[in-house]
Amino acid sequence: MEKVRQIIKLEENIYEQLKSPQRFLEVSIPIKMDSGKVQVFKGYRSQFNDARGPFKGGIRYHPEVSESEVKALSMWMTWKTAVVDIPLGGGKGGVVVNPKELSVGELERLSRGYIQAIFEFIGPNIDVPAPDVYTDSRIMGWMADEYEKLAGQHAPGVITGKPLTVGGSKARVYATAQGGYYVLVKALEKIKIQEKRVAIQGFGNVGSNMAEILAKNGFVVIAVSDSSGGVFSSKGLDVAALIKHKEKTGSVINFGDAKNIDGDILEQEADVLILAALENAVTSQNVDKIKASLVIELANGPVTAEADEILGKKGIEVVPDILANAGGVVVSYFEQVQNAYGYYWEEEDVLKKLEKLMAKAFADVWAKKVQHECGLRIGAYALSVERVAQAMRDRGRG
Ligand code: NAD
């Protein structure tokens, strides 16, 4: 942030306001468990900045959710919505819980309880939650229903990532990977690479959808990994069959005549490396293993700051998470627009709009990189912080 502040010459008055959320809620959610005992769960909602539009960000269910994590993620959402230039601010929520330990009934009561606790602070024009780690479309359906019951009216735009039957958007399920693909195509127009061999770390929602999209578009996916290991094939993996194999066996390893990877997915001979697993996957300890010319961050924060600097010095371009994985929040925004109109788009319309928006965001970030002679990450932050700061000035908040 300090580096970006200097580059864009951000004034003190704005900078001070961007250090903490505009509002932070901590709530206690008492839930009657199946045993009859009441258990009290802690929940948070951080509303970081709404200069560009209503707060926007997911709700995480995880035993390690903390106040500082929710605050940091809400700041990060502020930059993400700004970098793709959608009229939304940044927020984030979380509940300290291991959802795997709850019955379906307990999970539903907790989800409704969280909405009851924050009801007066959210709404289609105030703050719009969405799914995040261990929350999904079913939970969003319950939450939207609870909000509408309390409001006494339909208000589907209060939450995104809903099931299609209650106002969800087509293509939302694979939007993050699809957005990442559009950005990758634009990056390849700038960074000329002869071959299109790709390695993907992580084969969950984002990684497997990305693999499928790449294979459909003529890329050769030579290696993928998940938490149990990785597989490699120099002629390219049959992605559709690999997805079925993972569904059946629970992992990507021991797949047909592909080789199990001995070492690290990072050191495979790929031209493009897609990081779609966890944060801090690439550190100063393992960064030198990377052979690719282009790295795409589909996960949140997979490359540490030190590793990022080393990659920059080596001339390996990294498309940062706030740009590369913004496809999900963009289609969330499209979902809200469709909810507001009560008119729903075909899948191809959603994709066309997503492509246009992601291509524009990439071009804007690239222009910043050229202007400030920096990497794409700093370029993306310079662009987004400047956009938020300008909206604050225009509102007289400077
Ligand atoms: P997921 O849980 O479906 O998949 C994660 C994958 O990573 C799994 O295949 C898991 O086996 C693998 N993995 C875990 N540890 C690994 C390791 N050490 N090496 C290799 N693979 C490992 O999660 P997801 O929804 O696909 O999200 C992946 C990342 O993308 C996360 O950082 C998430 O925050 C980010 N993200 C997701 C979305 C979305 O729409 N789902 C949007 C933005 C960002």
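Index from 1, following the sequence. In each ligand, atom 1 is the first atom listed, and ligand 1 is the first ligand listed. Quick caveat, the model's predicted, so the values are computed rather than measured.
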Participant: Taking R45 for its side chain and F24 for its backbone only, find out whether a donor-acceptor pair lies under 3.5 Å.
Facilitator: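 Not at all, since once roles are kept as given, no pair shorter than 3.5 Å links the two residues.
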Participant: Is the closest N or O pair between S227 and ligand 1 shorter than 3.5 Å?
Facilitator: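 In this structure, S227 places an N or O atom under 3.5 Å from an N or O of ligand 1.
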Participant: When you measure from the heavy atoms of K246 to every atom of ligand 1, does any distance fall below 4.0 Å?
Facilitator: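 Under 4.0 Å: yes for K246.
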Participant: Is V133 close to ligand 1, meaning an N/O of one under 3.5 Å from an N/O of the other?
Facilitator: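 Between V133 and ligand 1, no N or O pair is found under 3.5 Å apart.
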Participant: Could you tell me whether some N/O pair between G204 and ligand 1 is separated by less than 3.5 angstrom?
Facilitator: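 Yes.
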Participant: Can you confirm whether something in the protein, heavy atoms only, sits under 4.0 Å from atom 7 (O) of ligand 1?
Facilitator: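 Within 4.0 Å: yes, protein heavy atom nearby.
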Participant: Which protein non-hydrogen atom lies closest to atom 42 (C) of ligand 1, naming both residue and atom, and how far is it?
Facilitator: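 Of the protein heavy atoms, T176 OG1, 3.3 Å lies nearest.
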Participant: Does Y15 reach the side chain of E2, with side-chain heavy atoms less than 4.5 Å apart?
Facilitator: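 SC-SC contact between Y15 and E2 confirmed.
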Participant: For atom 4 (O) of ligand 1, state whether the nearest protein heavy atom is under 4.0 Å away.
Facilitator: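 Looking at atom 4 (O) of ligand 1, one finds that a protein heavy atom does lie closer than 4.0 Å.
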Participant: If you measure from each heavy atom of G328 to ligand 1, is any distance below 4.0 Å?
Facilitator: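 False for this residue.
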Participant: Does ligand 1 have a heavy atom under 4.0 Å from the side chain of L278, from its backbone, from both, or from neither?
Facilitator: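 Side chain only.
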Participant: Compute whether any side-chain donor of one residue and acceptor of the other, for Q390 and R52, lie under 3.5 angstrom apart.
Facilitator: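 Not at all, the side chains of Q390 and R52 share no donor-acceptor pair under 3.5 Å.
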Participant: What atoms in ligand 1 come closer than 4.0 Å to a heavy atom of S225?
Facilitator: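 Going through ligand 1 atom by atom, the ones under 4.0 Å from S225 are 20 (C), 21 (N).
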Participant: Is any N or O atom of K80, backbone or side chain, closer than 3.5 Å to an N or O atom of ligand 1?
Facilitator: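 Such a contact does not occur with ligand 1.
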Participant: If the cut-off is 4.0 Å to any non-hydrogen atom of A277, which atoms of ligand 1 fall inside it?
Facilitator: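 Contacts of ligand 1 toward A277, numbered from 1: 7 (O), 13 (N), 21 (N), 22 (C), 28 (C), 29 (C), 31 (C), 32 (O).
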Participant: Please check whether R60 reaches ligand 1 - meaning an N/O of the residue sits under 3.5 Å from an N/O of the ligand, judged on distance alone.
Facilitator: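 Between R60 and ligand 1 (N or O atoms, distance only) the closest approach is not under 3.5 Å.
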Participant: Regarding T160 and K56, do their side chains bring together a donor and an acceptor under 3.5 Å, going by distance alone?
Facilitator: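 There is such a pair (donor and acceptor under 3.5 Å, judged by atom type) between the side chains of T160 and K56.
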Participant: Do F55 and F48 make the cut of ring centroids closer than 6.0 angstrom?
Facilitator: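 Centroid separation for F55 and F48: 6.0 Å or greater.
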Participant: Is there a donor-acceptor pair under 3.5 Å between the side chain of E309 and the backbone N or O of E306?
Facilitator: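 Checked: no pair found.
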Participant: Using a plain distance cutoff, I'd like to know if N325 has any nitrogen or oxygen under 3.5 Å from a nitrogen or oxygen of ligand 1.
Facilitator: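 No - when backbone and side-chain N and O of N325 are compared with those of ligand 1, no distance drops under 3.5 Å.
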Participant: Report the part of A276 in contact with ligand 1, treating N, CA, C, O as backbone and CB onward as side chain, heavy atoms under 4.0 Å; options are side chain, backbone, both, neither.
Facilitator: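 Within the 4.0 Å criterion, A276 contacts ligand 1 through backbone atoms alone.
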